[in-house]
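One structure is given below, encoded as C-alpha cells.
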Amino acid sequence: MLFNLHTHTHFCDGSDHPEEYVRQALDKGLSILGFSGHAPVPFDNNFAIPSKTKLLEYVRTVEKLKQKYAGQITIMLALEIDFIPGLTESFDSFREMAGLDYTIGSVHLVKNLENNRLWFIDGAKTDAYDHGLQDVFENDAKKAVTAYYRQINTMIINERPRIVGHLDKIKMHNKGRHFTENDLWYRDLVLSTIDVIKQNNCIVEVNTRGKYKGRSDSFFPDGWVLGSLINDDIPLTISTDAHTPEEMTLGYSEASRYLKEKGCKKIYIPHGDSIKSLPLT
Ligand SMILES: [Zn+2]
Ligand SMILES: [Zn+2]
C-alpha cells in the first residue's frame, strides 16, 4: 500500500494545483494522499501559504477534492506547521481554523533566544546555512544545534504535532563539517528528543527529499538515529515531501526496503485523534 502524507502545492512553495497531485497519486497507485502546505508565518518568506485568506482557499480546495475523488483515493487535509518560540501561532489555532486531519510539526528556522535572531537551516544553499550559523550563533555549532533540538522538544510538548517532520534535517548542509552525528553531545540531544517523542505518541517520518534532491546522502532521519527510533518502537511513516507531482513517490520504495531490512514490519498513519498501523510493503 502506497501513500504520501507530506506534499506541497502551488498554495505554498510547490509547483502545481492540488488536483495535479491527485492525478499523479492515482497514476502511481497511492491509496492515501495528504496535503501538508506550509502554514502561514508572521514574517516575510518565500515558502509558506501567504495569508489566512489563501489558507482558507487551500482548505476549500482540498475538501472539494476529497469529495470529488471519494472511492478512488483517501485525501487528507493537513499543514506542515513551523514552530518558532514567541513568534509562530499555536498549532491549535490552525486546527480550529482549518479542521485538519493531522499536523506535521517542523523546525526550519532556529531561534537564538539570546539575540532573538533566526537561523534558516533548509533550502538549497549550503552557503546560507554557514552564514546563518556565523551571524546568528557566532559559529558555535553545539549551541546552535542544541537550540534546534530544544525547539523541536518544546514544539512536541506544547503543540502536539501528530507527525514530526524531517527530525534531523539540521545535518543536511553540515556534511560532517561543524559537528558529527557521533559527537557525544549530539547523541545526547537526539536521545533526549526521542524520549520526548515517545512520551507524546508522535509519528516520525522518514523523509526521502534530501536524498532525491542530492542535498543529503541519507534520509531524515537515518543511521543510528533511525536505529534508535526503531529500537524504541517509535511509529514511523515514509514521506517524500513532494514539491511537484513528479516527486510523489521518489525514494519511497528505497525507504520501504531499507526499513524492512532494519526489521520494521509496520508503518503508521494518522487516524482521527490517534494513529493506525499498516503492513510495510
Ligand atoms: Zn519541512
Ligand atoms: Zn515539507
Side-chain angles (χ1 to χ4, degrees), residues 3-16 18 21 24-25 32-41 43 45-50 54-55 58 62 76-84 87-88 91 94 98 100-111 118-125 128-129 132 148-149 151-152 155-156 159 161-174 193 197 202-216 218-222 225 236-252 255 269-270:
F3 60 90
N4 193 357
L5 303 172
H6 191 157
T7 60
H8 298 280
T9 67
H10 72 178
F11 280 97
C12 57
D13 58 350
S15 63
D16 288 88
Y21 292 70
Q24 181 79 358
I32 302 168
L33 170 61
F35 288 104
S36 61
H38 289 286
V41 287
F43 50 85
N45 70 91
N46 56 11
F47 65 91
I49 297 171
K54 268 282 169 199
L55 173 61
Y58 164 76
V62 174
M76 297 176 92
L77 171 65
L79 286 169
E80 181 180 17
I81 312 180
D82 267 85
F83 174 74
I84 308 169
L87 195 59
T88 43
F91 284 28
F94 289 115
L100 302 171
D101 293 315
Y102 62 93
T103 55
I104 301 176
S106 295
V107 170
H108 305 97
L109 295 122
V110 185
K111 186 172 181 177
L118 301 174
W119 175 33
F120 181 57
I121 61 132
D122 205 350
K125 293 184 181 142
Y129 177 94
Y148 172 77
Y149 280 109
Q151 207 169 303
I152 290 179
M155 171 183 79
I156 293 168
E159 307 290 352
R162 175 61 63 223
I163 298 174
V164 178
H166 43 69
L167 175 64
D168 62 353
K169 199 170 217 187
I170 193 82
K171 75 184 178 188
M172 178 169 77
H173 289 301
N174 175 55
T193 304
I197 290 169
C202 301
I203 297 173
V204 173
E205 66 167 2
V206 175
N207 183 307
T208 64
R209 182 167 179 78
K211 262 189 125 171
Y212 69 73
K213 292 297 283 181
R215 294 175 192 164
S216 171
S218 58
F219 299 124
F220 312 123
D222 204 326
V225 180
L236 300 176
T237 196
I238 298 171
S239 53
T240 75
D241 204 348
H243 285 60
T244 69
E246 294 71 30
E247 291 171 351
M248 184 61 68
T249 55
L250 290 186
Y252 188 100
I269 57 168

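Note that ligands are numbered from 1 as they come in the structure, with each ligand's atoms numbered from 1 the same way. All residue numbers refer to positions in the sequence shown, counting from 1.
Taking D241 as the reference, nothing meets the salt bridge (charged side-chain N to carboxylate O under 4.0 Å, His left out) condition, with sequence neighbours excluded. Listed by chain and residue number, H8 satisfy the ring pair (Phe, Tyr, Trp, His ring centres under 6.0 Å) test with H243 (two or more places apart in sequence, or in another chain). Scanning for salt bridge (charged side-chain N to carboxylate O under 4.0 Å, His left out) contacts around E159 gives an empty result, with sequence neighbours left out.
The two atoms that bring A25 and L33 nearest to each other are CB-CD2, 4.0 Å, heavy atoms only.
For the Zn ion (ligand 1), the count of nearby protein N/O/S atoms, taking only those under 2.8 Å, is 3.
Proximity of V62 to T9: side-chain heavy atoms (C-beta onward) are nowhere separated by under 4.5 Å.
Relative orientation of the F91 and F83 rings is perpendicular, given thresholds of 30° and 60° on the angle between their planes.
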